[in-house]
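Report on the following structure.
A, B, ... follow the sequence lines: proteins, then strands. Residue 1 opens every chain.
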2 protein chains.
Amino acid sequence: MTLSLPPQATQVGLAVDVAAFAIHEGCLHALLIERATLPHLQTWALPGGFVHVGEELHEAALRELRDETSIELEPRHLEQFYTFGAIGRDPRGRIVSVAHLAVLPHGTVHVMGGATTLHADWFPAHAPPPLAFDHAVILGRAIKRLQLRLEYANLALEFLPETFTLPELQGVHEAILDKALDKRNFRKRLLAQGILTPSGERRSGVGRPAQLYRRAKGARTGLL
Amino acid sequence: MTLSLPPQATQVGLAVDVAAFAIHEGCLHALLIERATLPHLQTWALPGGFVHVGEELHEAALRELRDETSIELEPRHLEQFYTFGAIGRDPRGRIVSVAHLAVLPHGTVHVMGGATTLHADWFPAHAPPPLAFDHAVILGRAIKRLQLRLEYANLALEFLPETFTLPELQGVHEAILDKALDKRNFRKRLLAQGILTPSGERRSGVGRPAQLYRRAKGARTGLL
DNA sequence: GGGATAAGTGTATCCATGACACCTTCACTT
DNA sequence: AAGTGAAGGTGTCATGGATACACTTATCCC
């Protein structure tokens, strides 16, 4: 399809970037790839790339994530959060990137490079390596949005398997907020919300076994 | 500048739209223009248009607002809030619009059509006329964002002149939230925030004169 | 059985919010 | 000058949510 647009209108490259998060060993990690192409060859960057013809923005984000990191994500774990379009942000020309926030469920650890990628790996989200383009800014804003969502969506459940213990859930909150929480107040608050139901089982390990919970039927959760 | 992009990458039209709000007669109004071009000729729409070459997103938003409605806005009254890029949203082809929220200071009433515009006028934001493209959706999300910002930025001050009375401020809140507030609780809450200082003067009119306030030095306010 | 480890539990305080009714000040009218 | 209308301004009590804080319980392993 050809556009009939005013002559002064900008034709721009349209891209998506994905700030994908997971919790590993009680610490919030961000998913980064090492670029295999110019510019910024061999620099770490957020997964992302150009939107294809006839492709929706969120589809492009999911595809890039799949191609570059072998992660298959459900659409409900993805949310657009800001668009970066400053003129000098990409040396190839005017490229506008619609940045997305992704929440990766527990167990998503296996990542691998792809055609446009040397490697993919997890890095501590609060202390990432130097990043290509303006991706450090994008990552910072993504973390802020993640913390906001924690408050009034029950985002943390997305990071956990179907059943989980309260200390595990608290660990997720602490990892995202990057600060310690009081155990009793946390339990009180979460249980009062009525979004958790005890599964009846318990999980053994070191110390006293913990009660297992699952999300209650009909509980709102996740991104918007 | 020519882009060297992968062949399957989409070249898209990049546009901005502006949902601009003001309070008139105690009611939240949105600024709309009547289109003078196809598609959607003579349909009401949000001010907006294509980003020019070498122009930043927020500059384009301010320019379109100026060209289509003769309103000169300060950058701090503008905030990008969501990007609309669904495939079928514009019959001319793939056009991605970065939507902006604008808060118009008190007294901004004079609007006029421009080159690409038949008329510009204010409409009740909570009950707009039928709109072109997906602009009804954009407007709805803009109002939601506006209400959110009211809570933890002190957005309402932006709608008022330098000095104002507490009932006026309350009226702004009520217009945006579209519901009545208790006078005493409102005053208590606002004064407790410490962002207002009495100017010492009073404003006469019908009834008892009201104390005039101004924003306190260093008070956080406005959009982000 | 004793120790290490982590889970689980209750109370008192404080602050923010919301419901609620009357008095004060001024302008205008008669 | 007295009365009326119209809007501004003020205080208290009850409630609920958030915070600070320390000990007991259950299991594993030696």
task: Answer with base, sugar-phosphate or nothing: what part of the nucleic acid does R187(B) contact at a heavy-atom distance below 4.0 Å?
output: base
task: Hey, could you give me the CG/NE2 distance between L28(A) and H24(A), rounded to the nearest 0.5 Å?
output: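 So the gap between those two atoms works out to 10.0 Å.
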query: To the nearest 0.5 Å, how far apart are CG in L169(A) and CG in N154(A)?
result: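 It is 9.0 Å, given to the nearest 0.5 Å.
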- prompt: Thinking salt bridges, do R215(B) and E158(B) make one under a 4.0 Å N-O criterion?
  reply: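 Counted as a salt bridge, because a side-chain N and a carboxylate O are separated by less than 4.0 Å.
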Separation of atom [atom1] in [X] from atom [atom2] in [N], rounded to whole Å:
{"X": "L190(A)", "N": "dG17(D)", "atom1": "CG", "atom2": "C1'", "value": "14 Å"}
{"X": "Q193(A)", "N": "dG17(D)", "atom1": "CD", "atom2": "C1'", "value": "12 Å"}
{"X": "Y213(B)", "N": "dG8(D)", "atom1": "OH", "atom2": "P", "value": "12 Å"}
{"X": "L191(A)", "N": "dA7(C)", "atom1": "CG", "atom2": "C1'", "value": "13 Å"}
{"X": "F186(B)", "N": "dG11(D)", "atom1": "CZ", "atom2": "P", "value": "18 Å"}
{"X": "R203(A)", "N": "dT5(C)", "atom1": "CZ", "atom2": "C1'", "value": "17 Å"}

message: Any residue in residues 166-185 of chain A with a heavy atom nearer than 4.0 angstrom to DNA chain C? Just list them by number, or reply none.
response: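 Correct list: P167(A), K183(A), R184(A).
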- request: Indicate for each nucleotide in nucleotides 24-30 of chain D, in 5' to 3' sequence, whether protein heavy atoms under 4.0 Å reach the base (B), only the sugar-phosphate (S), or nothing (-).
  value: -BBSS--
- prompt: Quick check: does any side chain N or O of E174(B) sit under 3.5 Å from a backbone N or O of L181(B), one acting as donor and the other as acceptor?
  reply: yes
query: Is the backbone N or O of G48(A) less than 3.5 Å from a side-chain atom of E68(A), with the two atoms forming a donor-acceptor pair by type?
result: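 Yes, E68(A) side chain to G48(A) backbone: donor-acceptor pair under 3.5 Å.
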message: Do I176(B) and I23(B) make a side-chain contact, defined as non-hydrogen atoms from C-beta onward lying under 4.5 Å apart?
response: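 Side chain of I176(B) against side chain of I23(B), heavy atoms only: contact under 4.5 Å found.
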- request: Kindly indicate whether the side chain of V18(A), heavy atoms from C-beta on, has any atom under 4.5 Å from the side chain of L78(A).
  value: yes
- prompt: With a cut-off of 6.0 Å (strictly less than), are more than 12 heavy atoms of other residues, nucleotides or ligands near CD of E162(A)?
  reply: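 It does not: E162(A) CD has 12 such atoms or fewer within range.
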- prompt: Which comes earlier along DNA chain C counting from the 5' end, the contact point of A210(A) or that of K188(A), where each point is its nearest nucleotide?
  reply: A210(A)
Member of E79(B), R141(B), H77(B), Q80(B) meeting the side chain to side chain contact (heavy atoms under 4.5 Å, CB included) criterion with L101(B): E79(B)
